[in-house]
Amino acid sequence: MAFADLWASLLPLGRHPPTCGYRRFSWTEADAACRAWFKDQALKRGLPASCDRNGNLWAWWDCPGSPLGAVATGSHLDSVPDGGAFDGPLGVVSAFAAIDLLRARGFVPARPIAVAAFTEEEGGRFGLACLGSRLLTGAITPAAALDLRDGSGVSLAQAMTAAGLDPGGVGPDEELLAGLSAFVELHIEQGSALAGLDARLGIAEAIWAHGRWRLDFTGRADHAGTTRLEDRRDPMLPFAATVLAARQTAVSHRVLATFGKVTARPGAVNAISSSVSAWLDARAPHAGALDAAVAEIRLVAERHAEKHGGRCDIRPESFTPRVEFDPVLRDRLANALAASGITAPALPTGAGHDAGIIAARLPTAMLFVRNPSGVSHAPAEHADAADCEAGVVALAAVLEELTCR
Ligand code: GLV
Ligand code: MN
Ligand code: MN
């Protein structure tokens, strides 16, 4: 099937018309529609599909009689709240399209090819990014994962049960991992480096160290119209000071620090808040710089909370160290692309990916597709059709190189 038709078949699922963004949160109706789409595409191609114990989807181009480990490709289908269409789905759609291209050419792989769609990559519902790949590889314990809660207090265990999966089965899957020899994730670029280099495609060289921290500022609820300024214990003030300090720290340490989610309780316009919870996302080229920046932000938060008669409790929710992608596999990708006349510069990225988690267990690489808007995690995220098609051609060349023997 042509890339454009395949892409169009997924596009309406989980789209939120008022914002034009996507709300594909794991184990919801939108997620079920995406999963049904995946299974349907696998079925149309005669690829046996399965859902692993951790909720990740797999479609297999089997290679009967081959004792060799499969090459996996794919990405994720979930989104951030009001995310763009490409982050994740481009890798899954391109994987099916690349298989179509290889088959149309009569290519027969010497080892299996697997298409994967990892669950809850964004942490959009349960707060922990790359949950499916972390569970698969043992980067998180089953107990810690099952106890994660969404914004309504529903646990992962409850959500999986409601979706018909046995939460008792989650955890490392050594048998599945042992059957894989490499993973290649194609992804939209989440910045504009390729546009600046006038290149359609890139090869990832590394993922920055990154993590999420939850900050709970507590104070005292009171009346907005009668409480004198000097009598207030308003947690919004230390929170605001921390947001500004995080920006300054990011500049001085040359890292990234973002507060993108905040909840004030009880949330009344005419009341001082009793507490404010906020989530810090911080990223840096190396873990040392990240640690130093977060320590500085923590000090500011605690100092300002105390100044305003409250307190601030900070706890890490996730951390992923810097990941260097396998240099041998990267060279094989670069050579396969060069042989097909494709130039693909090497790029580092501050975005997290399942590939960064899988890299701890398997030779792993990533291909990036140019994003002319440079915008991601927002509806303006975009890749031109011609660049997506170039991505499919490149992925097919890479899969051919990695599975021809
Ligand atoms: C995922 O896309 C992330 O970088 O948070
Ligand atoms: Mn993302
Ligand atoms: Mn992604």
Side-chain angles (χ1 to χ4, degrees), residues 10 14 21-26 31 34 38 56-57 72-95 115-134 139-140 183-191 193 202 204 206-214 250 255-261 279-285 290 316-323 325 347-359 364-371 373-383 388 391 395:
L10 180 62
Y22 286 85
R23 298 184 174 183
R24 292 171 174 160
F25 307 130
S26 58
D31 183 56
C34 290
F38 183 98
N56 305 309
L57 295 172
T73 184
S75 188
H76 60 97
L77 294 172
D78 66 311
S79 76
V80 297
D82 290 328
F86 295 82
D87 176 357
L90 184 62
V92 180
V93 170
S94 299
V115 180
F118 291 102
T119 201
E120 181 85 357
E121 191 271 353
E122 299 288 7
R125 179 166 180 194
F126 292 101
L128 183 68
C130 299
L131 184 55
S133 54
R134 282 185 207 270
I140 182 173
F183 176 55
V184 179
E185 180 170 358
L186 179 146
H187 204 280
I188 187 167
E189 192 204 348
Q190 294 174 285
I207 298 181
W208 283 16
H210 56 285
R212 298 178 183 188
W213 289 261
R214 175 179 171 141
V255 305
L256 298 173
T258 307
F259 282 97
K261 179 175 167 183
W279 283 262
L280 168 69
D281 177 306
R283 308 183 188 222
L290 186 63
E317 288 201 334
S318 69
F319 175 74
T320 309
R322 178 183 170 91
V323 172
F325 286 110
L347 301 177
T349 177
H353 299 286
D354 292 306
I357 304 298
I358 302 290
T364 297
M366 289 191 76
L367 280 172
F368 289 133
V369 174
R370 174 166 59 186
N371 174 352
S373 73
V375 173
S376 189
H377 285 182
E381 182 182 81
H382 180 72
C388 294
L395 183 60

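In listed order, ligands and their atoms are each counted from 1. Just so it is clear, the values below take in all heavy atoms, side chains as well, and ignore hydrogens, waters and symmetry mates. What you are looking at is a predicted structure, and each value in this text was computed from that prediction instead of being measured.
Across every non-hydrogen atom of A85 and E381, the tightest pair is N-OE1, 3.4 Å. The minimum heavy-atom distance between P379 and D82, with the atom names listed, is CD-O, 3.3 Å. The minimum heavy-atom distance between S79 and Y22, with the atom names listed, is OG-O, 3.0 Å. Taking all atoms of both residues into account, the shortest heavy-atom contact from G132 to N56 is O-ND2, 3.2 Å. In terms of heavy-atom proximity, L77 sits nearest to P89 at CD2-CA, 4.1 Å.
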Test log, rule side-chain contact (heavy atoms from CB on, under 4.5 Å), inputs D354 and H187
CA-CA 11 Å; D354 292 306; H187 204 280; over 6 Å; no
Test side-chain contact (heavy atoms from CB on, under 4.5 Å) on D31 and F25; report intermediate values, then the result.
CA-CA 6 Å; D31 183 56; F25 307 130; over 6 Å; no
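Relative orientation of the F368 and H353 rings is tilted, given thresholds of 30° and 60° on the angle between their planes.
Of the inter-residue distances, the one linking I357 atom CD1 with F183 atom CZ reads 11.5 Å to the nearest 0.5 angstrom.
Of all protein atoms, those that are N, O or S and lie under 2.8 Å from the Mn ion (ligand 3) total 3.
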Could you list each N/O atom of ligand 1 together with any protein N/O atom closer than 3.5 Å, one pair per line with the distance?
{"residue": "ligand 1", "atom": "2 (O)", "partner": "E122", "partner atom": "OE1", "Å": "3.2"}
{"residue": "ligand 1", "atom": "2 (O)", "partner": "H377", "partner atom": "NE2", "Å": "3.0"}
{"residue": "ligand 1", "atom": "4 (O)", "partner": "R283", "partner atom": "NH1", "Å": "2.7"}
{"residue": "ligand 1", "atom": "4 (O)", "partner": "R283", "partner atom": "NH2", "Å": "3.3"}
{"residue": "ligand 1", "atom": "4 (O)", "partner": "G352", "partner atom": "N", "Å": "2.7"}
{"residue": "ligand 1", "atom": "5 (O)", "partner": "R283", "partner atom": "NH2", "Å": "2.8"}

